[in-house]
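Quick notes on the structure that follows.
Start at 1 and go down the list; that is how both ligands and their atoms are numbered.
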Amino acid sequence: MKIVEWNGVIGMNTKKLAAERAVESIEEGMTVGLGTGSTAYFAIEKLGQRVREGLTIRAVATSKRSEEQALGLGIPIVPFAEVGRIDITIDGADEVDGDLQLIKGGGGALLREKIVAARSDKMFVIVGEDKLVETLGAFPLPVEIVPFAHEWTLDNLKALHLNPKLRLDNGDLYVTDNGNYIADCHDVSITDPAALHASLNAIPGVVENGLFVDMAHTVIVGRENGSIDTITK
Ligand SMILES: O=C(CO)[C@H](O)[C@H](O)COP(=O)(O)O
């Protein structure tokens, strides 16, 4: 089994397998949404290779770091105002359940990821098999909240028994690309993702949450044995 390295982390290649398979679906002339995270990183690398080989596409990115990576590889990034629909967005996930509902936002980019996914004809989700779960929620659910009176927003999350903890970055509060905080909600068994999604976004101060309900078109799963599964709803 081939070992891969990403930002100094050594691991099996399940993420890379899924990412590279997803990039095979990108066709000439498409507008592509670029996700964020270690799996999306591999997709952007592969897309950069295809662009160097002559593929003509344009892209929008879901984070500053993905945009920088893409520009460094020669992938044209276009302003959002110039994009009508996105053909395909390729992005990772923290958990995927059997109905293809997702938890995203472990990398802190959930708001931009959701805006881009919602504008996409197809969202391709790329994961290693370890991300497949029966019930969402073992991974802490990220909720992006505005800094203003964030203590009150946390109170509202606590009232829903979501065990929110403000995300830290080297001891300081983590700040998203949008200038907001992330409350990670721990130990929640999410049996009704749509209902929780609605309850969360009804709280004043919540900007968006990491539940992606009915957004994934296709989930591509890289497996430890080297095989790749493609699951479409
Ligand atoms: O939602 C995300 C970033 O906000 C990522 O897609 C998610 O956290 C998965 O990350 P990785 O591919 O590094 O496992």
Please state whether the rings of H150 and Y181 are parallel, tilted or perpendicular, taking 30° and 60° as the class boundaries. perpendicular
So if I count the atoms of ligand 1 from 1 in the order they appear, which ones are less than 4.0 Å from some heavy atom of S38? 11 (P), 12 (O), 13 (O), 14 (O)
Numbered atoms of ligand 1 (with element) below 4.0 Å of G92, judged on heavy atoms: 6 (O)
If we number the atoms of ligand 1 from 1 as shown, the ones under 4.0 Å from a heavy atom of G107 are 2 (C), 3 (C), 4 (O), 8 (O)
Out of all atoms in ligand 1, which are within 4.0 Å of some heavy atom of G108? Include the element for each. 4 (O)
Joint cluster assignment, L173 & V143, ILVMFWY side-chain distance < 4.5 Å: yes
Given the options M123, M215, K131, L102 meets side chain to side chain contact (heavy atoms under 4.5 Å, CB included) only with M123
From the list V133, L162, D97, L196, side chain to side chain contact (heavy atoms under 4.5 Å, CB included) partner of I190 resolves to L196
Can you find a heavy atom in the side chain of D229 that is under 4.5 Å from one in the side chain of R223? yes
Counting each atom of ligand 1 from 1 as listed, which ones have a heavy atom of G105 under 4.0 Å away? 1 (O), 2 (C), 4 (O)
Using a 4.0 Å cut-off to any heavy atom of K15, which atoms of ligand 1 qualify? 11 (P), 13 (O), 14 (O)
Run down the list I126, L102, T62, T39 and name the one with the heavy atom closest to atom 12 (O) of ligand 1. T39
Enclosure of E28 CD (heavy-atom neighbours >12, cutoff 6.0 Å): yes
Residue D91 vicinity, atoms of ligand 1 by number, heavy atom under 4.0 Å: 6 (O)
Atoms of ligand 1, numbered as shown, that sit under 4.0 Å from any heavy atom of K131: 9 (C), 11 (P), 14 (O)
G37-ligand 1 polar pair, N/O distance under 3.5 Å: no
Mind checking whether A93 contacts ligand 1 via backbone (N, CA, C, O), side chain (CB onward), both or neither, at a 4.0 Å heavy-atom cut-off? backbone
For side-chain hydrogen bond (donor to acceptor under 3.5 Å, both in side chains), just list the numbers for D214 and Q101, CA-CA rounded to whole Å, side-chain angles, deciding distance to a tenth of an Å, and then say yes or no. CA-CA 6 Å; D214 295 336; Q101 316 294 27; 3.0 Å; yes
Could you see which bit of V127 sits under 4.0 Å from ligand 1, with heavy atoms only: side chain, backbone, both or neither? neither
Answer yes or no on whether K15 is positioned over the face of F42, meaning its NZ or CZ is under 6.0 Å from the six-membered ring centre and within 45° of the axis. no
